[in-house]
Novice: 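Quick one: the structure is below, questions incoming.
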Amino acid sequence: MRARVRHAWLQKHATPSSASGDFHWHPSSSGDPEIAERARGCLAFARLAPGRVVWARSFDEIAPADGRRYAGLVVSVIEGDASAAALLASVPWIEAPYAGAASVEEDVEIAEPGPLSSSAFLSAEVAGAAAHALRCGDAFACESIEPSIARALATLDTWIDPSVRARTRDVSIKIGAPAAAPALDHYAGAAWRACASDPARARRVWRAALALAQHDGLSAETLFDELAALVDAWDRAADLDAWLARTGVIDDAARAACVARGVALSGDDAGWLWNKVVHAWGRGCFETRASDRIAGALARRILADHLIALERDAPPLRYWRRLRWEAMLPADRRAPLEAGVRARIGSLIGGARG
């Protein structure tokens, strides 16, 4: 499939449209004051919509007429029967300022990036910030841009929800340090980066997360916020205990039942506290419905570990294995928990045994 790209330059260097040394558009009929205003002060600006993408990039040059440095703009508009990601990935890198060699219009080959694809690396922080910008139609910051940036953003866009990608979005790239991204966007960036080296694992983990959100009737944003809160709470036993109470995994009745049976839900280590919770459930301290809550919490812990493992070495199945070796559950009590976890994240458990 091919698409037509139209290029335009806003500059002070002489062009066939003007030799006066004043700011002007070349071609003279291509000026777009709105795009010029939106791109002001940005490294780059993109307007993304299915069927049409505008890609504007700033440049700094010295004007020949007065010897002063100025900021110019080169704009590419590409239209075709394709997604915004496919069009953005096909935008050619145009040198600036215009000096007579570049074509005002050209045809380019376009192809849809594969779902959940990856490209040139951005840093982890920039990838997360860029994912947030693509999802929300916002600005993000980075130190500089290279010719591969448009394709990198295009492939990162394939990790964004399709309902968002169907809308028109304006994304600005500014110079500076990237801001911390919300959990959903942070992990989208992490999965995108991991996909370049281990695509099967990155896609499996990401799809498992979206499937869990659907299983539990949550938005992806809500689920990833829950996962981030769970990871933060798992560092200290007191924090995990508070999280278990706040999320309703353990209620007052369950705690009272534990006390009555001489089971202490306490300890200095969060991992051992979790084992005690599972052990107490196995001894019948919680009502039957608690098994689903415990399975949901365990599925989230395992999913979070898989997401963490996309960024650094981590044992994502450690709490799955602890069901047998540390929680001391007989097989008939362990089976309901295993079934509840498999129903939520079966693709991450696979054939793993307790």
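What you see is a predicted model, and the numbers here were worked out from it, not measured in a lab.
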Novice: What is the minimum heavy-atom distance between E311 and A190, and which atoms define it?
Specialist: CG-CB, 3.6 Å
Novice: For a salt bridge (charged side-chain N to carboxylate O under 4.0 Å, His left out) check, start with the C-alpha distance between D216 and R300, then their side-chain angles and the critical distance, and finish with the verdict.
Specialist: CA-CA 11 Å; D216 286 1; R300 281 163 169 75; 2.8 Å; yes
Novice: Show your working on salt bridge (charged side-chain N to carboxylate O under 4.0 Å, His left out) between D269 and K276 and close with a plain yes or no.
Specialist: CA-CA 11 Å; D269 179 85; K276 289 179 179 180; over 6 Å; no
Novice: Should L244 and W272 be regarded as members of a common hydrophobic cluster, given that ILVMFWY residues are connected when their side-chain heavy atoms come within less than 4.5 Å of each other, either directly or indirectly?
Specialist: no
Novice: If you define the side chain from C-beta out and look only at heavy atoms, does anything of F140 sit under 4.5 Å from P178?
Specialist: no
Novice: Under 3.5 Å, is there a donor-acceptor pair between the side chain of T247 and the main chain of W243?
Specialist: yes
Novice: What is the distance from atom CG of L184 to atom CG of L227, rounded to the nearest 0.5 Å?
Specialist: 10.0 Å
Novice: Would you call R246-D239 a salt bridge at under 4.0 Å N-O?
Specialist: no
Novice: Can we say D22 and K12 salt-bridge, meaning some charged N sits less than 4.0 Å from an Asp/Glu carboxylate O?
Specialist: no
Novice: Would you call I294 and W274 a side-chain contact if the rule is heavy atoms closer than 4.5 Å?
Specialist: yes
Novice: Is atom CD of Q214 surrounded by more than 12 heavy atoms (other residues, nucleotides or ligands) closer than 6.0 Å?
Specialist: no
Novice: Is there a path of hydrophobic side-chain contacts, each under 4.5 Å between heavy atoms, that joins V171 and V75?
Specialist: no
Novice: If only atom types and distance count, is the side chain of S17 paired as donor or acceptor with the main-chain N or O of S28 below 3.5 Å?
Specialist: yes
Novice: Is there a side-chain contact between V231 and L307, using heavy atoms and a 4.5 Å cut-off?
Specialist: no
Novice: Are I94 and V53 connected, step by step, through hydrophobic side chains (Ile, Leu, Val, Met, Phe, Trp, Tyr) whose heavy atoms are closer than 4.5 Å?
Specialist: no
Novice: Quick check: do W9 and L73 have side-chain heavy atoms less than 4.5 Å from each other?
Specialist: no
Novice: Looking at R135 and D161, does any basic side-chain N land under 4.0 Å from a carboxylate oxygen?
Specialist: no
Novice: Which distance, rounded to the nearest 0.5 Å, do you find between the CG of L122 and the CG of L153?
Specialist: 6.5 Å
Novice: Flag the pair R207 / S347 as yes when at least one side-chain heavy-atom distance between them is below 4.5 Å, and no otherwise.
Specialist: no
Novice: Taking CG in D252 as the centre, count heavy atoms belonging to other residues, nucleotides or ligands within less than 6.0 Å. Is the count above 12?
Specialist: no
Novice: Once you round to the nearest 0.5 Å, how far does OG of S30 lie from CD1 of I35?
Specialist: 12.0 Å
Novice: Answer yes when E105 and R4 have at least one side-chain N-carboxylate O distance shorter than 4.0 Å, and no when they do not.
Specialist: yes
Novice: Check whether T158 reaches the backbone of P115 with its side chain - one donor and one acceptor, N or O, closer than 3.5 Å.
Specialist: no
Novice: Run E95 and R57 through salt bridge (charged side-chain N to carboxylate O under 4.0 Å, His left out) and show every step you take.
Specialist: CA-CA 10 Å; E95 296 300 326; R57 179 172 54 86; 5.7 Å; no
Novice: Should E338 and R333 count as an ion pair when the cut-off is N to O under 4.0 Å?
Specialist: no
Novice: Please determine whether side chain to side chain contact (heavy atoms under 4.5 Å, CB included) holds for the pair L298 and L323, giving the CA-CA distance in whole Å, both sets of side-chain angles, and the decisive distance to 0.1 Å.
Specialist: CA-CA 10 Å; L298 178 55; L323 273 178; 3.9 Å; yes
Novice: How long is the straight-line distance from CG of N275 back to CZ of R322, given to the nearest 0.5 Å?
Specialist: 5.5 Å
Novice: Would you please test L329 and V278 for side chain to side chain contact (heavy atoms under 4.5 Å, CB included) and show each step?
Specialist: CA-CA 8 Å; L329 292 181; V278 176; 3.4 Å; yes
Novice: List the steps, then state whether side chain to side chain contact (heavy atoms under 4.5 Å, CB included) holds for D32 with R38.
Specialist: CA-CA 10 Å; D32 189 328; R38 293 300 305 271; over 6 Å; no
Novice: Run E109 and S90 through side chain to side chain donor-acceptor pair (under 3.5 Å) and show every step you take.
Specialist: CA-CA 7 Å; E109 195 72 29; S90 305; over 6 Å; no
Novice: In Å, rounded to the nearest 0.5 Å, how long is the span from CG of D170 to CG of D138?
Specialist: 10.5 Å
Novice: Do R169 side-chain atoms and L134 backbone N/O form a donor-acceptor pair below 3.5 Å?
Specialist: yes
Novice: When you measure from the side chain of H132 to the backbone N and O of G128, does any donor-acceptor pair fall under 3.5 Å?
Specialist: no
Novice: More than 12 heavy atoms of other residues, nucleotides or ligands under 6.0 Å from CG of D268: is that the case?
Specialist: no
Novice: When you check the gap from the basic side-chain N to the acidic O, do D198 and R203 get nearer than 4.0 Å?
Specialist: no
Novice: Flag the pair C195 / W159 as yes when at least one side-chain heavy-atom distance between them is below 4.5 Å, and no otherwise.
Specialist: yes
Novice: Measure up the F121 and W192 rings against each other and bin them: parallel (under 30°), tilted (30 to 60°), perpendicular (over 60°).
Specialist: perpendicular
Novice: Please lay out, stage by stage, how W206 and F224 fare under the test ring pair (Phe, Tyr, Trp, His ring centres under 6.0 Å).
Specialist: CA-CA 11 Å; W206 189 253; F224 277 91; 5.2 Å; yes
Novice: Using the side chain to side chain contact (heavy atoms under 4.5 Å, CB included) rule, take S76 and V54 through it: C-alpha gap first, then chi angles, then the decisive distance, then the call.
Specialist: CA-CA 6 Å; S76 299; V54 178; over 6 Å; no
Novice: Nearest 0.5 angstrom please: L310 CG to R312 CZ, how far?
Specialist: 11.0 Å
Novice: Work out which heavy atom in L87 is nearest to a heavy atom in A49; give both atom names and the distance.
Specialist: CD1-O, 4.4 Å
Novice: Does L337 belong to the same Ile/Leu/Val/Met/Phe/Trp/Tyr cluster as I345, with side-chain heavy atoms less than 4.5 Å apart forming each link?
Specialist: yes
Novice: Between I145 and I78, is there shared hydrophobic-cluster membership here, with clusters defined by ILVMFWY side-chain heavy atoms closer than 4.5 Å?
Specialist: yes
Novice: Give a yes or no on whether the backbone of Q11 and the side-chain of H24 come within a donor-acceptor separation of less than 3.5 Å.
Specialist: yes
Novice: Is R165 reaching over with its side chain to a backbone N or O of D157, donor-acceptor style, under 3.5 angstrom?
Specialist: yes
Novice: Check E106 with R2, please: is the shortest side-chain N to carboxylate O separation under 4.0 Å?
Specialist: no
Novice: Does E146, at its CD atom, have more than 12 non-hydrogen atoms belonging to other residues, nucleotides or ligands within less than 6.0 Å?
Specialist: no
Novice: Between F45 and I173, is any pair of side-chain heavy atoms under 4.5 Å apart?
Specialist: no
Novice: Is the charged tip of R301 near the ring of W234: under 6.0 Å from the six-membered ring centre and within 45° of its axis?
Specialist: yes
Novice: Any heavy-atom pair between the side chains of H13 and H26 that's under 4.5 Å?
Specialist: no
Novice: I'd like to know if R69 and E61 make a salt bridge, using a cut-off of under 4.0 Å between side-chain N and carboxylate O.
Specialist: no
